Amino acid sequence: MGQKDSARTPANDRASVQKLRTRRHAQVLIIGGGINGVGTFRDLALQGVDVALVERGDYCQGASGASSHMIHGGIRYLENGEFRLVRESVVERNRLLRIAPHYVKPLQTTIPIFSTFSGVLAAPMRFLTHKQGKPTERGAFLIKLGLSMYDFFSRDGGTVPRHQFRGRKRALAELPRLHPGIKYAATYFDASVHNPERLTLDVLQDGEKAGGADSHLARASNYVSLVSLAGGNGNGAAGTGAATGSGTTVQLRDELTGEVFDFTADVIVNTTGAWVDLTNEAMGAASSFMGGTKGSHIVLDHPELLAACGGREIFFEHTDGRIVLIYPMGDRVLVGTTDVDADMAEDAVCTEEEIDYFFDLIGHVFPDVTVDRGQIVYTFSGVRPLPKHDATQPGFVSRDYRIERRAAAGGAVLSLVGGKWTTFRALAEHLSNDVLAELGMERKLSTAKLAIGGGAGFPDSEDGVQRWIKTHMAAGRDADRVTGLLTRYGTRAEDVIRFLDAAPSGRPDRLLHSTRELSTRELEFMAAHEQIGHLVDVLIRRTSLAFRGLVTGELLNEVADILSGPLGWDAARRAKEIDHAQEVLQRFHGVRVHSLVA
């Protein structure tokens, strides 16, 4: 369910929670609002299933939001022998490029290579034992073999070019800041997702819409946690509509008000990622499926490093054998990732040692590019939902998934173990099929060709994008503003623009003083349609302002002021939200923001 933002403050009566409290039974209750839980919610809603979803924090707050922002086939999984996963990943990568073109884009990737035959003897042992042993860099022969296999898996329905190899001279001509000691550079294409949080929200809203105009059959709420199995008609079950019907009864808690109420479901689906075992324990059936590893990243405001990347992701093996990346994202550079066993009792945060590691890996590839801590604008960490792996080295733990079933009083509990961003749609279809079998229902449709949210009707060329932008410009809304809306929402920006244009007389929409990327009416739109629970949700997950290091004290105060009206925050709640945002940004993301005196 992701890291838990610590503030608990009074809140207005949220519509999303009211829908759960009013009708407290569903055929299926999904616990966990990361991409896999949300994807399953959408899939089941499209089959006509009465489905509810709860997430103890915000959607995409945990591992789903702490990813490397890649949609990739997993070339390194070939060495693990996970050919099924590689094929599925490549197929799903190509699929997402088509059905979510507003967020998923082709990504040119270059691997700098320092030897020809290194690793030829070590690779078979890694393949057979899944143990790292003494770090041995993979040379050109192995990389060429791997990329050729990767192209083979990509050939059906492929939407990206095949790989290319370059010798040292040509590689340095293309990327002159690369280490002069390289022998080759291999370039291939995968895909990126610059807005994983917004893609997750699109998937969620597709599910809600599939449930009907009033979301009768598909209800979801963030900031609602599973407390335990219920022992009766509910402790503190306020409101109307007690839990009724057959099934398993659990207690849910509104994390913004503290209210606890009962809810029943015929099937419970546990998609809480690295917290699967803890969620099962809360339901009275402890498990030991998970063995997650922590992955950290840093975001740099570093024009020199950005230029050195030449618009490409630099993807390579560091000296310790860990696969790492340097990844240009707009005007920032993402560097990652680590892979160390996680302690679930501690916050997942990027440590000073990990930052040193990132600086070292940058120097390994770009030795004449200097980086210091003052250029870090954001850090983030997540715990990968990997299966328990005992002596297997973290980097060799399977990224595939499995579904564990157990009988429960009145129904069944399905626990998802593993899973990765790229395959969320296929995984959701698989998990939904298992749920449908439990319910004695059949699938009505596949999501394989169904556009996601703002990907429907998205322009398929740069000329088309420019025409769309020009069409939606108006008095007071220039090309930059429209471009920002299209980037943030895809074609759903049309709904936002209609909302902006419907501003009440005497209270026209205006850009914020603290940023030209948001307006007063857009924040009101988010409050009305995107389940804002905390101020920090806007900064981290509804926009990329925090990711790019653009949060200021002025911004905190201005956004809090505007949200206070539609969300019913009084002066005390407004102050707590600003404090909470500062705490989360500093504690989890290494960002210190000084608030202004309100």
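If you read the sequence from its start, that first residue is 1, and numbering goes on from there. From a predicted model like this one, the values you see are computed outputs, not experimental measurements.
- Across all non-hydrogen atoms, the minimal contact from C309 to L175 is O-CD2, 3.6 Å.
- Between the Y103 side chain and the R488 main chain, a donor and an acceptor come within less than 3.5 Å of each other.
- The backbone N or O of I35 lies less than 3.5 Å from no partner atom in the side chain of T200, so there is not a single donor-acceptor pair.
- Under a 3.5 Å cut-off, the side chain of S544 and the backbone N or O of F547 do not form any donor-acceptor pair.
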Take T187 and T110 through the test side chain to side chain donor-acceptor pair (under 3.5 Å) and record every step on the way to the result.
CA-CA 4 Å; T187 296; T110 290; 2.9 Å; yes
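- Side-chain polar atoms of T109 and E313 form a donor-acceptor pair below 3.5 angstrom.
- When only modelled atom types and interatomic distance are considered, T423 and S89 share no side-chain donor-acceptor pair under 3.5 Å.
- In this structure, a donor-acceptor pair under 3.5 Å is absent between the side chains of S68 and T337.
- Taking the charged nitrogens against the carboxylate oxygens, E530 and R198 do have a contact shorter than 4.0 Å, which makes a salt bridge.
- The only option from V324, T338, I326 that meets the side chain to side chain contact (heavy atoms under 4.5 Å, CB included) definition with F358 turns out to be T338.
- With hydrogens and angles disregarded, no donor-acceptor distance shorter than 3.5 Å links the side chain of N222 to the backbone of E55.
- Around CD of E281, the count of heavy atoms belonging to other residues, nucleotides or ligands within 6.0 Å does not exceed 12.
- Aromatic ring pairs are classed by plane angle as parallel below 30°, tilted from 30° to 60° and perpendicular above 60°; the pair F114 and H179 is perpendicular.
- Salt bridge status for D202 with R492: present, with a side-chain N to carboxylate O gap under 4.0 Å.
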For a quick test of your reading: what N or O donor-acceptor pairs under 3.5 Å do the side chains of residues 450-462 make, sequence neighbours left out?
unit_1	atom_1	unit_2	atom_2	d
S461	OG	G464	N	3.0
E462	OE2	Q466	NE2	2.7

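- In terms of modelled atom types and a separation under 3.5 Å, the side chain of D277 and the main chain of F289 share a donor-acceptor contact.
- A donor-acceptor contact closer than 3.5 angstrom is absent between the side chains of T422 and R93.
- Here H297 pairs with F380 under the ring-ring contact (aromatic ring centres under 6.0 Å, His included) rule; sequence neighbours left out.
- Formation of a donor-acceptor pair under 3.5 Å by the Q27 side chain with backbone atoms of V51 is not found in this model.
- Using a distance-only test at 3.5 Å, with no hydrogens or angles considered, no donor-acceptor pair links the side chain of K449 to the main chain of I99.
- Under the side chain to side chain contact (heavy atoms under 4.5 Å, CB included) test applied with V28, the options D50, L53, V269 reduce to a single match, V269.
- Here D43 pairs with R443 in a salt bridge; the nearest charged N to carboxylate O distance falls below 4.0 Å.
- A donor-acceptor distance shorter than 3.5 angstrom exists from the side chain of T271 to the backbone of I31, with no hydrogens or angles considered.
- Using a 30° and 60° split on the angle between ring planes, Y378 and H589 fall in the parallel class, below 30°.
- Residues D58 and R542 are paired through a salt bridge, judged by an N-O separation under 4.0 Å between the basic side chain and the carboxylate.
- A search for ring-ring contact (aromatic ring centres under 6.0 Å, His included) contacts involving H430 returns Y401, not counting sequence neighbours.
- Side-chain atoms of R332 come within 3.5 Å of backbone atoms of R548 as a donor-acceptor pair (strictly under, hydrogens ignored).
- Between G48 and K444, the closest heavy-atom pair is CA-NZ, 4.2 Å.
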